[in-house]
Amino acid sequence: MTDLIYEKSLEASARTLTEYILYREKIIAKMKAMTADNTEDEIHNLIVPRWETFHQDSIVSDVYQNNAWLLDDKFMTFRTILSEARMGEVISAISLDDEKIAGEIGRPDIAMIFSADPKNSMPVDVVVIEIKKKTDNEKENQYAINQLLERAHKLAEHCPNIQRIWYYAILQINDSFARSLRQQEWATLFSKGKVYYQEFPTERSNGTIVPTPIFAMSFDAIVSDTQSRNHTFLEILRSAMKQESNRLADMTAK
């Protein structure tokens with residue numbers, strides 16, 4: 001590159017990065033504005049659009065649709081989201097007995113994103129996001145945790161090339177339930193909300209083990225923690241824009 005082309009490339013890349021960071025801020029604002037009136041579908045589709053399949057070769061365009069960074073920035077590299085037909089097949093396979101009896105009404109509110117196509121032979125990781133209904137009933141919340149473990153087992157059996165399951169359960173965590181999780185040796189993670197973590201061994205029928213780290217987190221933890229991470233980038237942008245503004249003002253004054 002010539003010096004001129006290099007400078008122009010820096011300007012273009014800086015604008016693109018600025019657009020993306022501001023886009024993330026808008027997504028965070030949308031998540032923050034959601035209330036109990038919003039459906040689980042709306043929340044899922046904001047994090048990861050369901051019924052779509054993304055591919056690694058379209059990462060630049062898909063980065064504006066895959067918002068799994070709301071949970072963890074490392075999931076930005078996960079590309080494959082199942083199509084409607086394939087997602088329906090997986091949901092059917094991992095539904096629990098009481099959900100099958102309830103039919104469509106009992107269908108779990110789940111979104112999944114894979115590190116690669118699970119139908120290929122290579123090992124894959126999968127992120128599972130499940131939103132549980134808000135309740136302060138500790139018995140129901142504890143049952144919800146037990147459901148996650150059973151569902152992880154069914155998923156590992158259904159997709160034999162899964163090597164790790166990252167499970168995020170978004171649910172109501174009051175002080176009583178938080179104390180119960182700590183008593184069960186769930187680790188408290190640093191958060192502005194409530195986030196608890198424990199890794200479980202999911203055993204297949206053939207004896208192989210799939211590590212299954214489970215994060216039990218409150219809805220406000222997603223918003224506040226993501227906002228904190230993006231705030232650093234926003235401050236860098238503000239500082240750079242202020243310096244450039246001051247520099248141009250000085251040049252004009254001279």
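As a basis for the values below, the full set of heavy atoms in this structure was taken, side chains included, without hydrogen atoms, waters or symmetry mates.
The environment of CG in Asn146 is crowded: more than 12 heavy-atom neighbours from other residues, nucleotides or ligands sit within 6.0 Å.
Considering CG of Asn67 and CG of Leu46, their distance stands at 6.0 Å, rounded to 0.5 Å. Summarising the geometry, atom CD1 belonging to Ile170 is positioned 7.5 Å from atom CZ belonging to Phe219; distances are rounded to the nearest 0.5 Å. Note that CG of Leu181 and OG1 of Thr188 are 8.5 Å apart. Values are rounded to the nearest 0.5 Å. Leu70 CG to Arg24 CZ: the interatomic distance, rounded to the nearest 0.5 Å, is 8.0 Å. Remark: Ile113 CD1 to Asp125 CG distance equals 11.5 Å, nearest 0.5 Å. Summarising the geometry, atom CD1 belonging to Ile165 is positioned 11.0 Å from atom CD belonging to Glu199; distances are rounded to the nearest 0.5 Å.
Counting only heavy atoms from C-beta outward, the side chains of Met122 and Asn161 never approach each other to under 4.5 Å. Residues Lys26 and Lys30 fail the side-chain proximity criterion, which asks for heavy atoms closer than 4.5 Å. Counting heavy atoms from C-beta outward, Phe215 and Leu189 have side chains that approach closer than 4.5 Å. Annotation: side chain of Leu155 is not in contact with side chain of Tyr167 (no heavy-atom distance under 4.5 Å). Looking at heavy atoms from C-beta onward, Arg164 lies out of side-chain contact with Pro123 at the 4.5 angstrom threshold. Gln142 has its side chain within reach of Ser180: a pair of non-hydrogen atoms, C-beta onward, lies under 4.5 Å apart.
Residues Gln147 and Glu130 have side chains that never bring a donor and an acceptor to within less than 3.5 angstrom of each other. Between Thr208 and Asn206, the side chains place a donor N or O and an acceptor N or O closer than 3.5 Å (distance only, hydrogens not considered).
Of all non-hydrogen atoms in Lys194 and Ala221, the two that sit nearest each other are N-CB, 3.8 Å. Annotation for Lys192 and Ser224: closest pair CB-OG, 3.3 Å, computed over non-hydrogen atoms. Pairing each heavy atom of Pro160 with each of His158, the nearest pair is CD-O, 3.3 Å. The nearest pair of heavy atoms linking Ala156 to Arg204 is O-NE, 2.7 Å. Looking at every heavy atom in both residues, Ile162 comes nearest to Val210 through O-CG2, 3.9 Å. When all heavy atoms of Ser218 and Ile173 are compared, the pair lying nearest together is N-CD1, 3.8 Å.
Side-chain atoms of Arg151 come within 3.5 Å of backbone N or O of Ile94 as a donor-acceptor pair.
There is a path of hydrophobic side-chain contacts, each under 4.5 Å, that joins Met31 to Tyr20. Placement of Ile214 and Ile209 in two distinct hydrophobic clusters is found when ILVMFWY residues are connected by side-chain heavy-atom separations under 4.5 Å, directly or transitively.
When the options Phe200, Tyr197, Tyr196 are evaluated for a ring pair (Phe, Tyr, Trp, His ring centres under 6.0 Å) with Trp186, the one that passes is Phe200.
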